[in-house]
Amino acid sequence: QVQLVESGGGLVQAGGSLRLSCAASGRTLRTYTVGWFRQAPGKAREFVAGISRSGVSTYYAASQKGRFTISRDNAKNTTYLQMNNLKPEDTAVYYCAARNGLVVLTTQYEYEYWGQGIQVTVSS
């Protein structure tokens, strides 16, 4: 199985940018489809973005499309989430997750492996 560790979170002002990283260990990340999710206080965990095994196909939630970019470097066993033009409503704990299937899915229950999460706070 694969272990996932997120990094790159923190505090940023509205309009700023952050790049989250998700490093994998235990197994090569190239065998997994990867998704990023987030959970704000008092809210359900929601899909943010996903990327296929090869990195050719990417998917975004409507509210992030155009602001966020997901990518992966299979040689480095790492997935990235570049977040631009951040808004206070983007404040949440962000999680990366991996699944064995070929298809990027937006439901958290389809993902077998999860990182511990990392806090992103956007101040107004």
Side-chain angles (χ1 to χ4, degrees):
Q1 62 182 27
V2 64
Q3 292 80 44
L4 305 172
V5 178
E6 301 95 339
S7 61
L11 174 65
V12 64
Q13 288 187 331
S17 298
L18 282 174
R19 188 176 81 155
L20 304 183
S21 299
C22 174
S25 62
R27 286 192 64 181
T28 178
L29 192 61
R30 70 175 68 248
T31 62
Y32 298 92
T33 296
V34 176
W36 283 93
F37 292 77
R38 70 185 184 186
Q39 187 166 19
K43 295 187 177 182
R45 190 171 297 184
E46 63 177 1
F47 174 80
V48 174
I51 189 165
S52 62
R53 292 178 179 180
S54 65
V56 170
S57 299
T58 57
Y59 303 87
Y60 299 91
S63 60
Q64 285 86 47
K65 201 168 187 179
R67 298 190 300 125
F68 291 8
T69 302
I70 188 171
S71 62
R72 66 192 298 163
D73 185 339
N74 286 337
K76 294 183 178 180
N77 245 15
T78 303
T79 304
Y80 305 96
L81 184 68
Q82 176 68 44
M83 305 186 293
N84 298 327
N85 190 23
L86 283 161
K87 305 174 181 180
E89 50 265 40
D90 294 317
T91 294
V93 176
Y94 284 71
Y95 300 87
C96 71
R99 63 182 301 270
N100 285 291
L102 291 173
V103 179
V104 175
L105 298 176
T106 62
T107 305
Q108 60 173 316
Y109 306 108
E110 301 287 350
Y111 290 79
E112 295 98 334
Y113 307 104
W114 290 83
Q116 81 286 355
I118 192 161
Q119 179 70 44
V120 170
T121 303
V122 184
S123 63
S124 57

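Note that the coordinates shown come from a computational prediction; the quantities given were computed from them, not determined experimentally.
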Looking only at heavy atoms, which two atoms of P88 and A14 are closest? And how far apart?
CD-CB, 4.1 Å
Closest approach of C22 to W36 (non-hydrogen atoms, all atoms of both residues):
CB-CZ2, 3.6 Å
Can V93 be reached from V48 by stepping across I, L, V, M, F, W or Y side chains whose heavy atoms are under 4.5 Å apart?
no
With hydrophobic residues grouped by side-chain heavy-atom distances under 4.5 Å, do Y95 and V34 end up in a single group?
no
Quick one: does R45's side chain have a donor or acceptor within less than 3.5 Å of a partner on A40's backbone?
no
Between the main-chain N or O of V104 and the side-chain N or O of T33, is there a donor-acceptor pair closer than 3.5 Å?
no
Among pairs that include at least one residue of residues 97-123, which meet salt bridge (Lys or Arg N to Asp or Glu O under 4.0 Å), considering only residues two or more places apart or in two chains?
none
If you look only at pairs with a residue in residues 81-93, which of them pass as a salt bridge (Lys or Arg N to Asp or Glu O under 4.0 Å), with sequence neighbours excluded?
R38-D90, R67-D90
For [X], what residues pass the side-chain contact (heavy atoms from CB on, under 4.5 Å) criterion, not counting sequence neighbours?
X	result
Q13	S123
I118	E6, L20, Y94
Y80	R19, S21, S71, D73, K76, T78
A24	V2, L4, L29, N77

Any side-chain heavy-atom pair from L81 and T69 closer than 4.5 angstrom?
no
Would you call L18 and L86 a side-chain contact if the rule is heavy atoms closer than 4.5 Å?
yes
Please round to the nearest 0.5 Å and tell me the distance separating atom OG of S52 and atom CZ of R72.
7.0 Å
Rounded distance [0.5 Å steps], SG in C96 versus CD1 in I70
9.0 Å
Fellow cluster residues of Y109, listed by chain then number, with links counted only when side-chain atoms sit under 4.5 Å apart:
none
List in chain and number order the residues that pass ring pair (Phe, Tyr, Trp, His ring centres under 6.0 Å) with [X], two or more places apart in sequence or in another chain; answer none if no residue qualifies.
X	value
F68	none
Y60	none
Y113	Y32

Tell me, please, which residues at least two apart from Q119 pass side chain to side chain donor-acceptor pair (under 3.5 Å).
T121
Test of understanding: with side chain to side chain donor-acceptor pair (under 3.5 Å), list the residues that count as partners of S7, not counting sequence neighbours.
none
Centroid-centroid under 6.0 Å between F47 and Y59 rings:
no
Full working for side-chain contact (heavy atoms from CB on, under 4.5 Å) between S17 and Q82
CA-CA 7 Å; S17 298; Q82 176 68 44; 3.9 Å; yes
